[in-house]
Amino acid sequence: MRWSNLFIPTLREDPAHAEAASHRLLLRGGFVRQLAAGHYSILPLGQRVRAKIDRIIREEMDAIGGQQLHLPALHPAEVWKKSGRWEAMGEEMFRLQDRKGMDQCLGMTHEEVIAILAGEVSSYRDLPQIWYQIQTKFRDEPRPKSGVLRVREFTMKDSYSLDVDGSGLDVAFDLHHQAYVAIFHRCGLQALDVVASSGAMGGSESVEFMVASPAGEDWIVTCDGCDYRANLERAESVIPQVDDGPSLGETELLPTPGIRTIRALAEAHPDRAGPRRQIKTLVYVVDGQLTLVLLRGDHELLEQKLVDTLGVANLRPAAPDEIRAALGADPGSLGAVGVEHLPVIADRALVGRRNLVTGANRNDWHLSSVDVERDLTVGQWADLRGISAGEGCPQCGGVLDVWRGIEVGHIFKLGERYARAMGAMVQNEQGDIKPIVMGSYGIGVERTMAAIVEFSHDDRGIVWPVSVAPYEVVVTVLRTDDPGTMAAGERLYSELKDLGVEPVLDDRPLRPGVKFTDAELIGIPYRITVGPRGLASGKVELTTRGDLSTVELAMDDAAPTVAELIRTELERLS
RNA sequence: CGGGCUGUGGCGCAGCUUGGCAGCGCGCCUGCUUUGGGAGCAGGAGGUCGUCGGUUCAAAUCCGACCAGCCCGACCA
């Protein structure tokens, strides 16, 4: 293509309101434009990148036996009511009515639709199956942000595996795991597979693929000594035991006028109520049931862990009046001692502790010398706290690090839930009728594009890996008004095409600086500079975008040299 | 949904405090010169100042409501 015919609206200045590197550079480089918050037009350059990612995904999905299909984006409410998610999805689902007043929604994912199709499979002989689609999903995000990283309308590859039993699902899950590793490697990304929570989808095993970036929205925990890696929502750690000393006897009432916080209590009684000696008592409403949640005073509750532990959909902190009605005191003076009428769930860091301080369920009073085993009725012990950097690795005792990541892919085992709901049953070898066992596997396509930019850019612009670059090489012609120079550029361009590479010919009658800056901004991996000065001695220049290194080449060698570099680079990324 | 901030030619911004011709830089169009890292000169096009209402002789500017967008938090397969 000739650059002069292309629509590549680069911006000279950084756009206002774009913080994340990928947002800023994709806008400046003319890859995307915002239509509304969370809705982006993908411009020709962006579309070329997207198409390459799309192709890589399809090749790897096909390699594990996946079959692409195309599903409706608009679904009748019936489908979602049947699985129970019409209510469960809440406000995040775009809903509308047709002219007859029938409820409809825009699909945010396609488990239900797939399970309906899976109903046509009736024998184990027809399994396993892997079906995938690459289509637009809609989610009414409360807060779209960071360009195409968090949007309301986006392309997602999602695949679904259908198996007759759990071991079949394990195989499909592992196949996807391998495929995802291959996909992200080919995209030039370092994506780490981490143990994750499966969230509201419901499922067992769950692995996320994360790319490190300050624009990410997830916290990832890794160990410096071993391969332990987990989403913060699932991460555990080893912390030093607290020595509580010998028992001090019965609990005692401790007057604490005006004290409502862990810190204030610790300052008032540093000898016996340091944060690690306190029990933090939180009150949640879990599916309508008031529940006490206990943690060590200096620990934070990680709500997702509570959700996962209890396996519930609806959970919220209790309101002050609900708390007062149930416990007779306000937040800041709460405790679980003597509470028998409400369920109590406690973090494992409290196991076996004694001589602790907690609220007395009476404003301005606490209880001291609390012995967890003796004085509390804990219905359930669980890992509930958010861990911090520097704590010990649960696998090897090494030091844990916590960093931000972008979730580019997520694979998890759904089990029988959707097949049961939608009636997708098969007969197994024994003739029993069983629900199909499903897995679900997603990749955000535009988000992957943005993650690549986050991962691979410098102060001049994007540095695309060859495998996803919109063009592989730009032939920059200086002095387009000089027939000899222009002809040389044209010749190089067609030689490159003949060698199977994807060149773009920068034939714009602009000053060199503008053309160099644009090429670097949009991140074409290689640039061949053709100018009268070099041509006088039969030379052109080859510049590599990554390190900006430049070498002189004989005009005749340029195209084959670049073709070979690209081939090598694609090989490395395969 | 809570907190902070912003809406003025395509992009980036000033003007608003103290009401009085709608400006600057870049980009765009025409011509000439120039051409190896964002050229020069000359001429030109382009704006319901987010929307609606109010105050006023007069509103980009003051007041009110609303809308949109950005950032933080909450939320989020």
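Reminder, nothing fancy here: chain letters follow the sequence lines and each chain counts from 1.
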Checklist outcome for this item: From CD of A:Glu13 across to P of B:A14 the rounded distance in Å is 12 Å
Checklist entry - Roughly, in whole Å, what's the span from CG in A:Leu478 to C1' in B:G36? => result 6 Å
Item to check | Nearest-neighbour nucleotide for the A:Leu11 side chain, B:C13, B:G38, B:C11 considered | outcome: B:C11
Next on the checklist: Just to be sure I understand the rule, does A:Gly90 reach a base, reach only the sugar-phosphate, or reach nothing, if contact means heavy atoms closer than 4.0 Å?
Outcome noted: nothing
Checklist entry - Any luck finding a side-chain donor-acceptor pair between A:His176 and A:Ser161 under 3.5 Å? => result no
Checklist entry - What one-letter contact string describes nucleotides 65-74 of chain B from 5' to 3', where B marks a base within less than 4.0 Å of any protein heavy atom, S marks contact via sugar-phosphate atoms alone, and - marks no contact? => result ----SSSBBB
Item to check | Whole-Å C1' distance, B:G54 and B:G9 | outcome: 28 Å
Item to check | Parallel, tilted or perpendicular: rings of A:Tyr441 and A:Phe173 (30°, 60°) | outcome: tilted
Checklist entry - Do A:Arg95 and A:Trp86 meet the cation-pi criteria used here (NZ or CZ under 6.0 Å from the six-membered ring centre, within 45° of the axis)? => result yes
Checklist entry - Looking for any heavy atom pair under 4.0 Å, which part of the strands does A:Arg33 touch: base, sugar-phosphate only, or nothing? => result nothing
Next on the checklist: At 4.0 Å (heavy atoms only), tell me whether A:Phe7 reaches a base, stays on the sugar-phosphate, or touches nothing.
Outcome noted: nothing
Checklist entry - Which value, in whole Å, describes the distance between the P atoms of nucleotides B:C28 and B:G20? => result 34 Å
Checklist entry - Reckon A:Arg527 touches a base, only the sugar-phosphate, or nothing at all at heavy-atom distances under 4.0 Å? => result base
Item to check | Any-strand Watson-Crick or G-U partner of B:A65, both distances under 3.5 Å | outcome: B:U51
Next on the checklist: Base, sugar-phosphate or nothing for A:Arg152? Non-hydrogen atoms, less than 4.0 Å.
Outcome noted: nothing
Item to check | Pair partner, B:G12 [Watson-Crick or wobble, under 3.5 Å] | outcome: B:C24
Checklist entry - A:Asp14 CG to B:G38 P: how many Å, rounded? => result 18 Å
Item to check | Rounded distance (Å) that lies between atom P of B:C75 and atom CD of A:Glu233 | outcome: 10 Å
Item to check | d(CZ, A:Arg511; P, B:G27) in whole Å | outcome: 12 Å
Item to check | Contacts of A:Lys157 that satisfy salt bridge (charged side-chain N to carboxylate O under 4.0 Å, His left out) - sequence neighbours left out | outcome: none
Checklist entry - Whom does B:A60 pair with, Watson-Crick or G-U wobble, provided both distances fall under 3.5 Å? => result none
Checklist entry - What orientation do A:His23 and A:Tyr40 show, parallel under 30°, tilted 30 to 60°, or perpendicular over 60°? => result perpendicular
Next on the checklist: For A:Tyr418 and A:Glu111, which I'm curious about, is there any donor-acceptor pair between the side chains at under 3.5 Å?
Outcome noted: no
Checklist entry - Looking only at atom P, what distance separates B:C62 and B:C16, rounded to whole Å? => result 9 Å
Checklist entry - When you compare B:C67 with B:U30, how far apart are their P atoms, in angstrom units rounded to a whole number? => result 44 Å
Next on the checklist: Base, sugar-phosphate or nothing for A:Met93? Non-hydrogen atoms, less than 4.0 Å.
Outcome noted: nothing
Checklist entry - Quick one: does A:Glu520 reach the base of B:G38 with a side-chain donor-acceptor pair under 3.5 Å? => result no
Checklist entry - Can you find a side chain N or O atom of A:Arg12 that sits less than 4.0 Å from OP1 or OP2 on B:C11? => result no
Next on the checklist: Expressed as a whole number of angstroms, how long is the span from A:Met108:CE to B:C75:P?
Outcome noted: 16 Å
Checklist entry - Which one, B:A39, B:G38, B:G36, comes nearest to the side chain of A:Pro532? => result B:G36
Item to check | Partner nucleotide, any strand, of B:G31 [Watson-Crick/G-U, under 3.5 Å] | outcome: B:C41
Checklist entry - For A:Gly531, which contact category applies under a 4.0 Å heavy-atom criterion: base, sugar-phosphate, or nothing? => result base
Checklist entry - For the pair made of CZ in A:Arg460 and P in B:G37, what is the distance, rounded to whole Å? => result 12 Å
Checklist entry - Quick one: salt bridge (Lys or Arg N to Asp or Glu O under 4.0 Å) pairs with a partner in residues 528-555 of chain A, sequence neighbours left out? => result A:Asp458-A:Arg545
Checklist entry - Between the side chains of A:Gln133 and A:His110, does any donor sit under 3.5 Å from an acceptor? => result yes
Next on the checklist: Any base atoms under 4.0 Å from A:Asp481, or only sugar-phosphate, or nothing? Heavy atoms, all strands.
Outcome noted: base
Item to check | d(CZ, A:Arg479; P, B:U33) in whole Å | outcome: 13 Å
Checklist outcome for this item: A:Asp507 and A:Thr480 have their tightest heavy-atom pair at O-CG2, 3.5 Å
